[in-house]
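One structure follows; several queries about it will come next.
Residue numbers run from 1 in the order of the sequence given. Note that the structure is a prediction, hence the values are computed from the model and not measured.
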Amino acid sequence: MHKIILLLTIITLNLTFAQTKKKQILLVGTFHYANPGLDVAKLNSFDILSEKSQKELEIMSDKIKKFGPDKIFVEWEFNEQADLDKFYNKNTDSLFKTNKNEITQLALRTAKKLNHKKLYGMNLYTSFRYDSLMMSMEKANQQDLLKRNNEWKKRNEKDHNERITKSSLQELMLHYNKKETENKNIQWYLEVANRAGNPDDFTGAHLVSNWYKRNLYMYSLIQKLTESTDNKIMILVGAGHAALIREFITHDPEFEIVELSTVLK
């Protein structure tokens, strides 16, 4: 009788644990390895194809493989998943030597080592009218705000461009995944962008809401595409996106964040 009670207790505890155990998310914010020049700040390129960087990528991807994500989500258009599938099945040796994008260099490299069948695109583009934002500031004669915005841009350019001249790839990745670095990415939207325009002009708030919406759309896809059998996932996104996605995960009881610094140590 005592054995039966003990067995039932163990089963109950295991079921409770299974129901409360959170799925682990390795959230990786990154700078753009290929630097397509689409960001407002003019950032210098990092030599991702150098022998040193390629060795670091091998070490980083090995450590992420050890963490063992069941799925890897990347900043590729969700509506173009078929193109991502074709891209994933290309000759990887050739891609690693020619394609500088972080999706190829880190996500695809890691997924192949894990024998994954695919990567998961989760990006949903929304408009980002930076030119309209500047016009609203000019129209409202917000000279102080224009000056603050310019200082933000110069500070970000200087920090990144100085950092890539003296930092290894792993050091850069760890920097962009610090909470204080992520918080700076959110701060510009509220400190500068949201203030833009006259009282009856909500161009700034519209840009900020579109930014939040884009990240919410991405997070919605992560939630819906993560299955009950997935215990661990990895998300690779630009550092600005990672800042908001981190905030969403914090308030989602089904997930918990595993820091990149913990995985790469």
Side-chain angles (χ1 to χ4, degrees), residues 6-30 59-76 78 81 84 88 102-103 106-124 170 173-187 189 211-265:
L6 179 62
L7 181 60
L8 289 172
T9 302
I10 292 171
I11 291 171
T12 302
L13 286 172
N14 286 338
L15 286 172
T16 303
F17 178 74
Q19 289 169 354
T20 57
K21 187 180 179 182
K22 295 184 178 184
K23 296 180 184 298
Q24 294 185 323
I25 295 182
L26 174 60
L27 177 62
V28 182
T30 183
I59 294 169
M60 288 166 61
S61 56
D62 281 341
K63 289 181 177 179
I64 296 172
K65 177 189 175 184
K66 189 175 180 180
F67 167 70
D70 299 298
K71 281 190 175 78
I72 297 178
F73 292 89
V74 295
E75 203 175 327
W76 186 293
F78 171 70
Q81 181 66 46
L84 178 57
Y88 186 77
E102 60 271 10
I103 292 176
L106 186 55
L108 187 146
R109 188 188 301 260
T110 304
K112 290 290 185 178
K113 288 182 178 182
L114 287 161
N115 294 317
H116 286 186
K117 293 182 179 179
K118 62 189 294 183
L119 293 170
Y120 291 82
M122 53 150 193
N123 191 37
L124 284 166
Q170 178 164 314
M173 293 298 291
L174 291 174
H175 166 73
Y176 277 103
N177 284 276
K178 289 180 180 178
K179 290 180 183 178
E180 52 266 37
T181 307
E182 290 180 350
N183 289 339
K184 287 179 183 178
N185 287 316
I186 297 177
Q187 193 175 347
Y189 288 95
W211 177 249
Y212 270 78
K213 182 167 74 172
R214 180 180 174 188
N215 285 283
L216 279 169
Y217 281 1
M218 288 197 286
Y219 190 62
S220 175
L221 284 169
I222 292 165
Q223 289 174 310
K224 289 184 279 193
L225 293 174
T226 299
E227 300 171 279
S228 59
T229 53
D230 298 325
N231 296 312
K232 299 177 181 179
I233 64 171
M234 170 182 166
I235 303 168
L236 179 66
V237 286
H241 297 296
L244 280 183
I245 291 174
R246 174 184 289 275
E247 184 69 17
F248 302 153
I249 294 170
T250 301
H251 299 286
D252 189 334
E254 292 192 21
F255 296 126
E256 65 180 359
I257 290 177
V258 174
E259 299 294 345
L260 181 65
S261 58
T262 302
V263 173
L264 296 185
K265 68 180 179 181

Would you say T226 and K23 make side-chain contact, with heavy atoms under 4.5 Å? yes

Determine whether more than 12 heavy atoms belonging to other residues, nucleotides or ligands lie under 6.0 Å from atom CD of E256. yes

Hey, mind stepping through L225 and F73 against side-chain contact (heavy atoms from CB on, under 4.5 Å) and telling me if it holds? CA-CA 9 Å; L225 293 174; F73 292 89; 3.7 Å; yes

Is the backbone N or O of I233 less than 3.5 Å from a side-chain atom of D70, with the two atoms forming a donor-acceptor pair by type? no

Looking at CD1 of I25 and CE of M234, how far apart are the two atoms once the value is rounded to the nearest 0.5 Å? 12.5 Å

Give a yes or no on whether the backbone of T181 and the side-chain of H175 come within a donor-acceptor separation of less than 3.5 Å. no

Nearest 0.5 Å please: distance from the CD atom of E259 over to the NZ atom of K179. 5.5 Å

Within-4.5 Å side-chain heavy-atom neighbours: T30 and Y176: no

Within 45° cone of Y88 ring axis and under 6.0 Å: K112 NZ or CZ: yes

Ring-face cation contact, Y120 with K118, 6.0 Å cut, 45° max: yes

Does F248 CZ have over 12 foreign heavy atoms under 6.0 Å away? yes

Using a distance-only test with no angle check, is there a side-chain donor-acceptor pair under 3.5 angstrom linking D252 and Q223? yes

Taking the side chain as everything from C-beta on, heavy atoms only, tell me whether L106 gets closer than 4.5 Å to M173. yes

Considering all heavy atoms of both residues, which atom of V74 and which atom of A107 are nearest to each other, and what is their separation? CG1-CB, 3.5 Å

Could R214 and E75 be called an ion pair, given the rule that one side-chain N must be under 4.0 Å from one carboxylate O? yes

For the atom pair CD1 (I72) and CD1 (I103), what is the distance rounded to the nearest 0.5 Å? 11.5 Å

Without swapping roles, check the side chain of Q81 against the backbone of G121 for a donor-acceptor pair under 3.5 Å. yes

Sub-4.5 Å side-chain heavy-atom contact between V263 and V28: no

To the nearest 0.5 angstrom, please state how far the CG atom of L26 sits from the CG atom of N177. 8.5 Å

Please tell me if the side chains of I186 and W211 come closer than 4.5 Å, counting only heavy atoms from C-beta onward. no

Close side-chain approach of Q24 to N231, heavy-atom, < 4.5 Å: no

Kindly indicate whether the side chain of V237, heavy atoms from C-beta on, has any atom under 4.5 Å from the side chain of M122. yes

Should the heavy atoms of other residues, nucleotides or ligands under 6.0 Å from NZ of K184 be counted, would the total exceed 12? no

Sub-4.5 Å side-chain heavy-atom contact between Y219 and I249: yes

With a 3.5 Å distance limit and no angle check, can you tell me whether S220 reaches the backbone of L216 through a side-chain donor-acceptor pair? no

Please list, chain by chain and in numerical order, all residues satisfying side-chain hydrogen bond (donor to acceptor under 3.5 Å, both in side chains) with E227, sequence neighbours excluded. K71

Distance col, row I235:CD1 vs R246:CZ, nearest 0.5 angstrom, shows 10.5 Å

Separation of L236 CG from L108 CG (nearest 0.5 Å): 11.0 Å

Where K113 and K65 come nearest, the two heavy atoms and their spacing: O-CE, 3.4 Å

Grab the two heavy atoms, one from G29 and one from A242, that are nearest each other, plus how far apart they are. CA-CB, 3.7 Å

Check G68 against L114 and note the closest heavy-atom contact, atom names and distance. CA-CD2, 4.2 Å

